[in-house]
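Before any comments, here is the structure.
Quick note: residue numbers are just sequence positions, from 1. Just follow the structure's listing: the first ligand is 1, and inside any ligand the first atom is 1.
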Amino acid sequence: MAQDVLCEVNNCTFWAKGNKCSADKIYVVSHTGDTADTSKETDCQTFESSDL
Ligand code: SF4
């Protein structure tokens, strides 16, 4: 389990009660290339929808 990763995306397969992430590891990407200027330009690539 990833330690100290808090996440509010509660429809992710890895989301757990208390806004915890239960993935062994997560991969965070920038959607503006290899760098980002704000957190809004980053995303968790490990996300998997639990709605599907
Ligand atoms: S994998 Fe990413 S989106 Fe899913 S709970 Fe963990 S941090 Fe959140």
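Scanning the protein heavy atoms around atom 6 (Fe) of ligand 1, the nearest turns out to be C21 SG, 2.4 Å.
Because the distance cut-off is set at 2.8 Å, C44 fails to qualify as a neighbour of atom 6 (Fe) of ligand 1, as none of its N, O or S atoms comes that close. Look at C12 and atom 4 (Fe) of ligand 1: an N/O/S atom of the residue is under 2.8 Å from the metal. At a cut-off of 2.8 Å, C7 is counted among the residues with an N, O or S atom near atom 8 (Fe) of ligand 1.
Under the 4.5 Å side-chain criterion, counting only non-hydrogen atoms from C-beta, F47 is in contact with N11. Between V5 and I26, the closest side-chain pair of non-hydrogen atoms falls below 4.5 Å. Side-chain contact between Q45 and V28 is absent, with no heavy-atom pair separated by less than 4.5 Å. Using a 4.5 Å cut-off on side-chain heavy atoms (C-beta onward), L6 and C21 make no contact.
Interface of W15 with ligand 1, defined as ligand atoms under 4.0 Å from a residue heavy atom, comprises 5 (S).
Of all the heavy atoms in C7 and W15, the pair that sits closest is O-NE1, 3.0 Å.
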